[in-house]
Amino acid sequence: MVGDRKRPAPFAGFSPFARSLLFSAVASSSKPLPPPDDPPAAAAADDDEIPSENAASRREMPPPKRAKRAEPSSDEEQYSSDEESYSSDSDSDDGEGSSEEFDTVQADFAFYDPKPGDFHGVRLLLKTYLDSKPWDLTGFVDLILEQTTVGTVVKIADDDEGGEGNGADKSSAGGDDDLFGLISVLNLGRYGEQRCIKDLKDYLLAVCGDKDTKKKLKQLLEEKAPDVGLLVCRRFVNFPYELVPKMYESLFDEVSWATEDEPTQELRDSFRFKQYLLVVRVLERKTPAKQKARNSTEDDEPIIYPKLEDEIFCELSSWSFTFPIHAEQSTQQEMKNYKEMGLVMAVKAEAIPKFRKKLENLLSE
């Protein structure tokens with residue numbers, strides 16, 4: 001625990017306007033820190049969701065090869081979010097009390113291997129991954145939970161010091177209501193025949209409007225797919241940013257380990273990625289820079305990245321494109337000059353060391 005650690009300024013280098021909008025961005029969701037007796041977050045399947053071919057996989061899961069510790073042994077691996085806060089009257093309907101008043105909630109977070117009990121929490125985080133398109137979301141969640149050697153879920157830390165976050169059924173480490181973040185990477189060639197991956201490929205090709213970019217995307221999704229990792233990172237907006245570099249460090253370390261530890265050569269080779277594909281959300285200003293609205297400020301950013309690391313990925317990407325999001329847009333006054341957009345990026349694996357360094361430097365400034 002590092003409850004007395006000074007929290008670094010995570011938004012250095014960004015305009016005041018961008019900073020003020022970051023935590024109200026519609027591209028991310030906010031989840032209050034739950035009391036111990038809160039019920040698990042329910043995430044019932046959508047009526048229009050395509051049934052999964054992998055539903056049975058939630059019942060039988062392979063054990064992780066390198067299990068994570070439920071309680072990290074050093075303060076470099078576990079953080080206290082004593083400065084994470086949420087509005088004390090955010091869920092109240094009576095409108096009483098000032099929105100400027102906040103309750104401070106202290107919570108310790110730890111990293112765990114994915115396991116079947118995380119299904120609803122992971123599904124909630126990925127609910128809008130492909131906008132409002134009906135697709136095999138259940139199958140997509142199943143693939144992430146099946147892959148325990150590479151992938152991490154971040155939860156409220158287990159109070160049991162002897163607990164292991166390796167897939168065992170621990171009540172304090174298995175609640176969906178404790179899950180606040182997810183990171184994983186899936187090989188597009190290895191899982192190419194799964195319905196959810198086919199749906200994802202069809203969706204991305206459909207929303208890509210530029211002819212040249214679509215050609216590159218098609219190559220990445222088809223002939224180059226065995227060398228491409230779909231990098232998925234989702235978290236709630238009040239997730240502590242101090243943990244973000246550790247999430248990526250854990251992921252890329254596990255990718256490296258998997259190239260040595262997996263039981264077959266085929267599996268080891270499936271983690272030797274040459275490129276990563278990312279599908280994220282950004283906020284784009286509606287009014288062009290030369291025709292700014294009268295009530296907009298001089299600090300308005302053309303693009304706001306709700307997840308700061310996505311700007312680094314974009315800077316390092318080989319190519320990228322944006323597409324409109326059709327889900328309900330934010331009605332917040334601060335966001336009225338912005339529209340939510342999807343952003344697809346291709347990043348070469350050789351750029352990952354530079355990404356890790358830039359991310360660490362950004363959050364340590």
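Heads up: numbering here begins at 1 and tracks the sequence. If you're wondering where the values come from, they're calculated on a predicted model, not measured in any experiment.
Inspection of the E284 and Y338 side chains reveals no N or O donor paired with an N or O acceptor under 3.5 Å. Side-chain atoms of R195 and T138 form no donor-acceptor pair, as typed in the model, at a separation below 3.5 Å.
Side chain of E309 to backbone of L359: no donor-acceptor contact under 3.5 angstrom is found. A side-chain donor-acceptor contact under 3.5 Å links N187 to the backbone of S270.
Of the charged side-chain nitrogens involved, at least one lies within less than 4.0 Å of a carboxylate oxygen, so that D310 and K307 count as a salt-bridged pair. A salt bridge is absent between R268 and D261: the closest approach of a Lys/Arg side-chain nitrogen to an acidic carboxylate oxygen does not fall below 4.0 angstrom. Using a cut-off of 4.0 Å between Lys/Arg side-chain N and Asp/Glu carboxylate O, E340 and R281 are scored as salt-bridged. Between E223 and K216 there is no salt bridge, since no side-chain N of the basic residue sits under 4.0 Å from a carboxylate O of the acidic one. Salt bridge present: E193 and K198 bring a charged side-chain N and a carboxylate O closer than 4.0 Å. A salt bridge is absent between K215 and D212; no separation between the charged side-chain nitrogens and carboxylate oxygens falls under 4.0 Å.
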Walk me through it: do F239 and M247 pass the test side chain to side chain contact (heavy atoms under 4.5 Å, CB included)? CA-CA 12 Å; F239 184 90; M247 289 181 70; 3.5 Å; yes
Worked verdict on S256 versus R272 for side chain to side chain donor-acceptor pair (under 3.5 Å): CA-CA 8 Å; S256 178; R272 302 184 194 279; over 6 Å; no
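Looking at E311 and I303, their side chains never come closer than 4.5 Å, going by heavy atoms from C-beta outward. Looking only at side-chain heavy atoms (C-beta outward), L217 and L204 come within less than 4.5 Å of each other. For the pair E360/Y248, no side-chain contact is recorded, criterion being any heavy-atom separation below 4.5 Å from C-beta on.
In summary, of the residues considered (F271, F273, Y276), a ring pair (Phe, Tyr, Trp, His ring centres under 6.0 Å) with F252 occurs for Y276 alone.
By the rule that hydrophobic residues join a cluster once side-chain heavy atoms approach within less than 4.5 Å of another member, L186 and L267 end up as members of separate clusters.
The shortest heavy-atom contact between C196 and D136 is CB-O, 3.2 Å. For Q147 against P114, the heavy-atom pair with the smallest separation is O-CG, 4.3 Å. The two residues S184 and V150 make their nearest non-hydrogen contact at OG-O, 3.5 Å. Heavy atoms only, all atoms of each residue included: K133 and Y203 are closest at CD-CD1, 3.2 Å. Taking all atoms of both residues into account, the shortest heavy-atom contact from L179 to L125 is CD2-CD1, 3.3 Å. Between L205 and L221, the shortest heavy-atom distance links the atoms CG-CD1, 3.9 Å.
Ring planes of F140 and Y129: parallel class, angle under 30° (limits at 30 and 60°). The aromatic rings of F355 and F313 lie parallel to each other, with less than 30° between the two planes, well short of the 60° mark.
Note that the CD atom of Q194 and the CG atom of L200 stand 13.0 Å from one another [nearest 0.5 Å].
For E266, the CD atom is loosely surrounded, since the number of other residues' heavy atoms within 6.0 Å does not exceed 12.
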